[in-house]
Amino acid sequence: MRRLFFKTVFGISGIIVLGILSLVFFVIEPAFDEFGEIEYQEETSLEHRLVYVLLADQPFEEWQTSIAEYSSFFELTTSLVKHSDVPADAEPFTTPDGQSGEFWVDEEDLYYSYYPSPDPEWLILYEEGDSELVDESRAEMAVALLFIGPLVIIILAMLLGIGYLLYAFSRPMQALEAAIEGFSHDTKVRLGQEHGKLIPNIVTAFNGMADRLGSTLTEQQVMIAAIPHELRTPIARIRFALDMLRGKQGETLWQGLERIDNYVDELQQTSENILELSKVNQEALILQPISLTELVTQSCGEYREASELAVSMPDDNVLVQGNSGLIQRVLGNLLDNALQCHQSYIALSLTMVKEHAVICIENDGADLSAEDISQLFQPFYRADSSRSRRSGGLGIGLTLVAQIIARHKGEVSAELIRPGVIQVKVSLPVIE
């Protein structure tokens, strides 16, 4: 983590320095050069007014002497040059006060301004030079400090701010690293909420992932422990039936073989349920808008022979985001369980509660305790010690229901609304 901290600091610092250098060389320096040229032209224009007045009333032989005496008091060096000596790439310019001349920059970025003199054959040249009255080194140092000083302060402030932020983030990131490493040994490890101030989404995502993985591992352990017990009864029945059929013939033999075939079907159904339960958690779920009203109506239509089934549907069409095949499997499992356990009636209703569609299936004949209700959605849980499909024979059907509804971001619950009457409630978010 420290290595990452220093790498990040140096990396960000390098990016900031490169950005500032790019700004200086590609934006600030060209702007300063342009400003310097204009400023130099205006400065030479001002001095040229004084020099021109000085030379206008003097004979030509005294011009060079007068210019030499004059230029020693100013920063610019003044001299006389012939018009033919002006560089060919000199550019004409006009200052705001109306002075016209020519401007040229040499290879060393030194400025030269050429103005007309009283003699048309001669020009007055102004070039950068040293002055007896102006200490240029001090001026350059002042300008450098004026520009570099605030820049250094800004860079230091940014580095300190970045360093503090990285240091503040290092603590929750170290906790995340420790939690990830600890989770490989103990699935109960979670990130503390005190780290959620800086990385709330990461804390929530990690804890949610850990909860899902922990639940999956727990379910797998329960299934691994329960599968041998679940398969033991049908296997024992098959063996017992085979022993009973030894030496049998005729009708008795065919009846025994039919019972064995039913036991094999039971084994096959159990294995298919186990495979389907594993696929629900592993395969990508394709969701699309579906009509829950149509699915419920279709599923109830398959149980028309059950005269005890009472159905209540809303007038409006209820749409949810889901997988129609899996939702039909949920409805089929719930109705199968209700039909197996009921005594006199089964009721199914579809209602809207706020932003959720709620399916309620209730039936009587539920000889269940509060402890049974709390474990109905556990794999292979049965309400009694027997393995009969009729007496509490819920197997993994409700476990599959719970997994499918969870993948649809819904909720499923069961409760005894009155003695002997169980209600299973499924809630799914609707499409607005």
Side chains of [Y] and [X]: any donor to acceptor distance under 3.5 Å?
| X | Y | result |
| --- | --- | --- |
| Thr77 | Tyr126 | no |
| Asn363 | Tyr345 | no |
| Ser369 | Asp372 | yes |
| Gln328 | Gln298 | yes |

Using side-chain heavy atoms (C-beta onward) and a distance below 4.5 Å, is [X] in contact with [Y]?
| X | Y | result |
| --- | --- | --- |
| Thr293 | Leu319 | no |
| Leu368 | Ile422 | yes |
| His408 | Leu326 | yes |
| Tyr115 | Ser45 | yes |

Measuring from [X]:[atom1] to [Y]:[atom2], what's the distance to the nearest 0.5 Å?
| X | Y | atom1 | atom2 | value |
| --- | --- | --- | --- | --- |
| Lys409 | Ser427 | NZ | OG | 14.0 Å |
| Glu362 | Leu348 | CD | CG | 9.5 Å |
| Asn323 | Ile327 | CG | CD1 | 7.5 Å |
| Asp106 | Glu127 | CG | CD | 9.0 Å |
| His48 | Glu43 | NE2 | CD | 14.5 Å |

Are more than 12 heavy atoms, taken from residues, nucleotides or ligands other than [X], located less than 6.0 Å from that residue's [atom1] atom?
| X | atom1 | value |
| --- | --- | --- |
| Asp97 | CG | yes |
| Glu42 | CD | yes |
| Glu258 | CD | no |

Kindly say whether Gln99 contributes a backbone atom to a donor-acceptor pair with the side chain of Thr95 at under 3.5 angstrom?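 Indeed, once roles are kept as given, a pair shorter than 3.5 Å links the two residues.
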
Expected output: side-chain Thr204 to main-chain Asn201 donor-acceptor under 3.5 Å: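 Such a contact is absent between Thr204 side chain and Asn201 backbone.
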
